[in-house]
Structure formats: C-alpha cells, structure tokens
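Structure first, then comments.
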There are 2 protein chains.
Amino acid sequence: MTPLVHAFVAHFGEMGSRWGINRTVGQIYALIFVSPRPLCADEIAETLSYSRSNVSMGLKELQSWRLVKLRHMPGDRREYFDAPTDAWEIFRTLAEERRRREMEPTLSMLRSALLETPSSDEDRVAQERMKGMHDLIELMSNWFDDVQRLDAQTLAKLMRMGARVQKLLELTGQLKPGTKE
Amino acid sequence: MTPLVHAFVAHFGEMGSRWGINRTVGQIYALIFVSPRPLCADEIAETLSYSRSNVSMGLKELQSWRLVKLRHMPGDRREYFDAPTDAWEIFRTLAEERRRREMEPTLSMLRSALLETPSSDEDRVAQERMKGMHDLIELMSNWFDDVQRLDAQTLAKLMRMGARVQKLLELTGQLKPGTKE
DNA sequence: ATCAAATTTCAGAAAATACTGAAAATTCGG
DNA sequence: CCGAATTTTCAGTATTTTCTGAAATTTGAT
C-alpha cells in the first residue's frame with residue numbers, strides 16, 4: 001500500500017463506527033474503492049493483516065450494503081470484488097440502504113403507535129409528537145424515492161441551484177410563500 | 001411509563017446503535033421527547049433504571065447533539081431537560097450535526113490527499129476516485145448549507161413537489177437537460 | 001463563607017462487538 | 001462424482017464500549 005492509499009484506508013477505518021460499519025469493513029471498502037483492479041479476499045486479508053474469515057464477513061456486509069460487486073476472472077475460481085466508482089451511484093445506494101435500515105423500522109413503529117387508543121393525557125401528548133415525527137419521516141422518505149429517479153446530472157444541477165430554486169419557483173407562481181399547502 | 005411510551009422508548013433504544021448513539025442515549029432522548037413536561041436526571045434514571053451517572057453522561061451527549069435543552073424550574077435547583085418538538089427543527093439539527101461529524105472529517109482528509117503528488121499509477125487512479133468522492137461530498141455539504149436557510153414551510157413544499165421540480169424548471173428554461181454545467 | 005443538594009468524573013466491572021483459527025461446507029475442473 | 005481449492009461458519013478469545021458506584025466537584029440558598 002502506498003502512503004496515499006494507506007491514509008485513505010486508515011481514515012475509513014476510523015470513521016467506520018460513526019458510519020455504522022466497523023473498522024474492518026470500512027478499511028476493506030476503502031481498499032477496494034481505490035484499487036485499479038478487482039481484489040480477492042486473500043489479497044485484502046494480506047494487505048490489511050486481517051484473518052481470512054474476518055475479510056469474508058466484511059465482504060458479506062459490504063455486499064449487503066451493495067457497495068461492492070462480485071466479479072470473476074477468467075481461469076480463476078476465486079471471487080474478486082470491485083466497487084462502483086461513480087460517486088452519484090454510491091450516494092444513491094447509500095441513501096437507499098440507510099433509509100431502509102434507519103428510517104423504515106421507525107416509520108412502521110410510529111404507524112402502529114399512532115393506531116393505539118391513548119389511555120391518558122400523557123399518551124395523547126406523546127402521540128401528537130409521534131405524529132409530527134412520523135409525518136416528516138414519511139415526507140422525507142417519499143421525497144428520497146422521488147428524487148432517486150432523477151438522473152445524476154439533473155440532480156447535480158438542482159443541488160448547485162440550492163436555495164435559488166425557491167426564488168425561481170416563486171416567480172413561476174407554483175410556490176407562494178405564506179400560502180397553506 | 002404507559003405501554004405506548006414504553007414501546008417508543010424501547011424502539012429508540014434498539015435503533016440507537018444504528019443511528020450512532022447508544023441504547024441509553026436513545027432511550028433518554030425518546031423519553032424526553034414524548035414527555036409533556038421537562039424531566040430531571042433523577043426522574044429519567046428512575047424511569048429507565050439506569051444509574052444516575054449514566055444518565056448524566058447521556059444528557060451531555062444529547063446536549064452535544066443539541067437534541068435536548070436545559071431548563072430551570074422556579075424554586076428548584078435541579079436541571080430539567082426538554083426536547084424541541086418541531087420535527088423540522090429536529091431534522092435541521094440532526095442534518096447539521098451529522099454533516100459536521102460524518103462528512104467534514106472525510107472532506108478534509110480528501111482535500112489533503114488530493115494535494116499529494118501521486119507516486120505511481122496506482123496513486124493516480126486512487127486520486128481520481130477520491131476526487132469524485134470529494135466533489136460530491138462538497139456539493140452535498142454546500143447544498144445542505146443552502147437549504148438549511150429556507151423556512152420549514154418552503155422546504156416542505158419543495159419536498160412535496162419532489163421530482164416535479166425538474167419539469168417545472170425545464171419549462172422556465174433554467175435547467176436544460178443535456179447541457180453541460 | 002458555609003453546607004447540603006446536585007452534578008460530574010473516573011476507575012473498574014459488565015456487556016456487547018469484533019476477530020481468529022479450525023472445521024465444515026461449497027464449488028468446480030477433471 | 002472425486003478431490004483440491006475456495007469460501008463460510010462458529011465457538012472461543014480479544015477488544016471496545018457501555019455502565020456503575022464512590023469520590024470529587026460544583027452550585028446556589030442562607
């Protein structure tokens with residue numbers, strides 16, 4: 001590993017826990033991401049000094065996140081892995097997986113909590129707040145869904161417009177501030 | 001705790017680790033969020049059966065996330081805590097803190113990695129990929145910044161428009177698909 | 001200033017998570 | 001279908017993180 005790659009891999013190892021993956025998984029991903037060619041488990045284990053079995057589990061985890069893809073090299077039975085390099089594609093995948101893992105379970109818990117008949121004033125207050133949370137999460141979830149369908153270029157343009165989008169829409173009369181709904 | 005509140009608190013405890021906070025912190029937050037009045041550390045420790053010191057640390061953590069606010073009750077020297085109930089405000093806070101904790105460190109690592117002179121073809125490939133990642137993270141970061149400034153109502157409207165925003169902007173001629181930049 | 005009430009700190013215990021090596025299972029060329 | 005190459009599983013160990021209780025510190029009313 002060159003010093004440049006080493007620094008990148010180490011950073012992903014350190015950040016891993018903040019991102020909800022562990023050190024090994026972070027480092028494996030980083031290594032595959034910058035590698036000019038697909039890597040097999042043995043090479044990864046060797047490079048990062050992790051046991052073969054740990055790398056195997058890490059690769060499973062990365063596959064479940066859809067962050068790495070399984071490849072086969074002609075005349076070699078080993079499994080090789082590479083990672084999408086298009087940042088937008090990675091972002092889409094991550095957003096989708098995070099929604100699925102971090103938002104959906106909460107959304108369904110909230111949905112059923114809101115169906116319960118409140119047994120006290122406390123419960124009524126609690127349900128009110130859960131309603132606010134539920135509605136926002138649902139809105140965000142649907143928005144994500146929607147926006148996922150735009151192509152990367154359009155999305156990039158919209159992002160570069162940022163808040164100016166609002167001004168523009170006001171002009172078209174589609175978005176009048178101060179109007180309900 | 002009523003069964004309704006209990007279910008909510010338990011869910012936040014379980015999801016905590018996925019969200020980058022621990023079980024205690026998740027439960028403390030959930031409890032404060034649905035409570036009709038501010039709570040003091042002792043009440044929280046009592047209700048959740050955690051030690052007083054654990055609750056103290058959890059509250060520190062929640063304050064560092066700006067998810068709970070310190071309050072004082074007249075004639076009582078204990079510290080009470082409540083949480084913003086406006087879902088949009090919570091979302092803004094979370095987005096900002098997550099950017100700060102999960103994106104900024106990586107952005108600065110990438111910035112310095114991109115300043116290095118590549119020592120090989122491997123490094124050149126690695127830098128190319130890091131550039132793609134850097135540019136997207138930076139774009140998202142700036143977009144967040146920008147969008148944070150819009151008021152909740154406008155933001156909600158924009159989200160409800162979702163992908164339709166694109167169609168509308170095409171009409172105004174501000175966003176022509178297939179045009180570079 | 002004093003002192004009791006309240007909060008924080010921190011070293012060590014408990015719990016959860018990550019990692020390894022050996023054994024089991026799978027895969028595929030012959 | 002045999003057997004070597006490869007991957008996966010899993011029980012046990014190591015590491016990290018969380019949690020507690022006791023002691024130290026801070027706070028504010030008198």
- [ ] Hey, can you tell me if A:Phe12 and A:Trp19 have their rings parallel, tilted or perpendicular (30° and 60° cut-offs)?
- [x] perpendicular
Open item on the list: Is it the case that atom CD in A:Glu61 sees more than 12 heavy atoms from other parts of the structure closer than 6.0 Å?
Closed with: yes
TODO: Mind calculating the distance between CD (B:Glu61) and P (C:dT8) to the nearest angstrom?
DONE: 14 Å
Task: Whole-Å distance separating the CG atom of B:Leu62 from the C1' atom of D:dT18 - done: 15 Å
Task: Spacing of A:Asp76 atom CG relative to D:dT7 atom P, expressed in whole Å - done: 9 Å
Open item on the list: If the cut-off is 4.0 Å, is B:Ser56 near the phosphate of C:dT8, judged by side-chain N/O to OP1 or OP2?
Closed with: yes
Task: Stretch residues 19-36 of chain B: residues that reach within less than 4.0 Å of DNA chain D through a heavy atom - done: B:Asn22, B:Arg23, B:Thr24
Open item on the list: If I take atom NZ in residue B:Lys60 and atom P in nucleotide C:dT9, what distance separates them, rounded to the nearest angstrom?
Closed with: 6 Å
- [ ] On DNA chain C, check which nucleotide each of B:Gln63 and B:Ser17 is closest to and give me the residue with the more 5' one.
- [x] B:Gln63
- [ ] Round to the nearest Å and state the distance from B:Phe81 atom CZ to C:dA6 atom P.
- [x] 14 Å
Task: Per-nucleotide protein contact string for nucleotides 21-30 of chain D (B base, S sugar-phosphate only, - none; heavy atom under 4.0 Å) - done: B-----BS--
Open item on the list: Measuring from atom CD1 of B:Ile28 to atom CZ of B:Arg23, what distance do you get when rounded to the nearest 0.5 angstrom?
Closed with: 11.0 Å
TODO: Among B:Arg129, B:Gln127, B:Arg111, find the residue that satisfies the side chain to side chain contact (heavy atoms under 4.5 Å, CB included) test when tested with B:His134.
DONE: B:Arg111
- [ ] Write down the distance between CZ (A:Arg78) and P (D:dT6), rounded to a whole number of angstrom.
- [x] 5 Å
TODO: To the nearest Å, give me how far apart OH (A:Tyr50) and P (D:dT13) are.
DONE: 22 Å
- [ ] Might you confirm whether atom NE2 of A:His6 has over 12 heavy atoms from other residues, nucleotides or ligands at distances under 6.0 Å?
- [x] no
- [ ] Look at B:Arg52 and C:dT7 and indicate whether a side-chain polar atom (N or O) is within less than 4.0 Å of OP1 or OP2.
- [x] yes
- [ ] Return the minimal non-hydrogen interatomic distance between A:Leu4 and B:Ala126, and the atom names on each side.
- [x] CD2-CB, 4.4 Å
Task: Atom CD of B:Glu89 with >12 non-hydrogen neighbours under 6.0 angstrom - done: yes
Open item on the list: Main chain of A:Leu31, side chain of A:Ser35: is a donor-acceptor contact present, judged purely on distance under 3.5 Å?
Closed with: no
TODO: State, without any angle test, whether B:Arg18 and A:Thr106 hold a side-chain donor-acceptor pair at a distance under 3.5 Å.
DONE: no
- [ ] Measure the distance from CG on A:Leu70 to P on D:dT7 and round it to the nearest whole Å.
- [x] 9 Å
